[in-house]
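Taking it in order: structure first as structure tokens, then the write-up.
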Amino acid sequence: GTPGMPERLDRIYRGLMTRVASMPGVRSVSMGNVSPGKPESGAGMAIVTGGTVRMDDPRAPNRPTASSQVIYPGYFATLGIRLRGRDFTEADNQATGAPVCIVNDAFVRIAFPDEDPIGKTCATVGVPRRAHTIVGVADDSRYTNPRAPAQPVIYTPFFQSNTGRGQMILYVRLDGD
């Protein structure tokens with residue numbers, strides 16, 4: 001990508017979120033790269049084998065996949081999605097932040113069916129390929145089809161992802177929601 005582009009976009013996004021959050025009646029604000037009705041991004045991002053996630057394992061031709069979503073801190077609270085563990089922090093959302101992710105219940109059912117995934121690691125496809133520590137588990141949500149079963153999702157902070165940086169969507173929760 002363009003040198004400095006993530007930093008410039010982050011300044012724009014944070015400025016927008018700060019302005020909107022200061023408006024009367026706004027309870028919380030966040031951003032994400034997927035909206036209801038939009039196909040989920042990064043389909044086929046991960047496979048779980050032995051508690052790790054590998055997409056490029058040639059021994060796994062029928063590997064389960066997970067979509068990848070890029071979000072800012074506060075996303076789950078703003079959308080009213082229950083989160084166990086912790087949300088991303090501002091420290092996580094730095095280019096130098098320790099690599100972390102949040103996964104959904106559908107991901108856990110495939111990857112860690114009989115254990116707590118928080119503190120475990122998974123690896124995402126992309127350059128560089130880095131192991132991410134799972135810090136939270138979000139309830140399943142359905143983005144593209146409310147009648148279809150929830151699909152596995154791995155959420156990463158804006159600065160720790162290689163995708164979606166120019167396609168973020170603003171989410172706002174108002175008082176009374």
Qualifying residue, where the test is side-chain contact (heavy atoms from CB on, under 4.5 Å) with Asp139 and the options are Leu83, Asn104, Ile81: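 Of Leu83, Asn104, Ile81, side-chain contact (heavy atoms from CB on, under 4.5 Å) with Asp139 is met by Ile81 alone.
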
Residue pair [X] / [Y]: nearest heavy atoms and the distance that separates them:
X	Y	answer
Ala106	Ala150	CB-O, 3.7 Å
Pro117	Val108	CG-CG2, 3.6 Å
Val135	Ile118	O-CG2, 4.1 Å
Pro73	Ser30	O-OG, 3.2 Å
His132	Cys101	CB-SG, 3.9 Å

Classify the ring geometry of Tyr75 against Tyr155: parallel below 30°, tilted from 30° to 60°, perpendicular beyond 60°.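 Rings of Tyr75 and Tyr155: tilted, as their planes differ by 30° to 60°.
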
Atom [atom1] of [X] and atom [atom2] of [Y]: how far apart are they, to the nearest 0.5 Å?
X	Y	atom1	atom2	result
Ile154	Ile102	CD1	CD1	10.5 Å
Gln94	Thr89	CD	OG1	8.5 Å
Ile134	Lys120	CD1	NZ	8.5 Å

Please step through ring-ring contact (aromatic ring centres under 6.0 Å, His included) for the pair Phe158 and Phe88, ending with a clear verdict. CA-CA 10 Å; Phe158 175 80; Phe88 295 137; over 10 Å; no

For [Y], is there any backbone N or O sitting under 3.5 Å from a side-chain donor or acceptor partner on [X]?
X	Y	answer
Asn93	Glu90	no
Arg82	Ala138	no
Glu115	Pro113	no

Val137 and Phe107: CA distance, side-chain angles, deciding distance, side chain to side chain contact (heavy atoms under 4.5 Å, CB included) verdict: CA-CA 9 Å; Val137 178; Phe107 185 100; over 6 Å; no

Who passes side-chain contact (heavy atoms from CB on, under 4.5 Å) against Leu16, sequence neighbours left out?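 Here the qualifying residues are Arg19, Val20, Met31, Leu170.
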
In terms of side-chain geometry, is the basic nitrogen of Arg109 or Asp140 positioned less than 4.0 Å from the acidic oxygen of its partner?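 Yes, Arg109 and Asp140 are salt-bridged.
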
Which pairs, with at least one residue in residues 96-107 and sequence neighbours excluded, count as a salt bridge (charged side-chain N to carboxylate O under 4.0 Å, His left out)?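 Checked against salt bridge (charged side-chain N to carboxylate O under 4.0 Å, His left out) - neighbours excluded - the pairs reaching residues 96-107 are Arg84-Asp105.
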
Could you give me the CA-CA distance, side-chain angles and deciding distance for Thr78 and Ser28, then say whether side chain to side chain donor-acceptor pair (under 3.5 Å) is met? CA-CA 5 Å; Thr78 301; Ser28 63; 3.0 Å; yes

Can you list the steps and then say if Val100 with Arg86 is a side chain to side chain contact (heavy atoms under 4.5 Å, CB included)? CA-CA 11 Å; Val100 294; Arg86 70 168 178 86; 4.1 Å; yes

Asn33 vs Tyr72, test: side chain to side chain donor-acceptor pair (under 3.5 Å). Steps then yes/no. CA-CA 10 Å; Asn33 71 330; Tyr72 269 85; over 6 Å; no

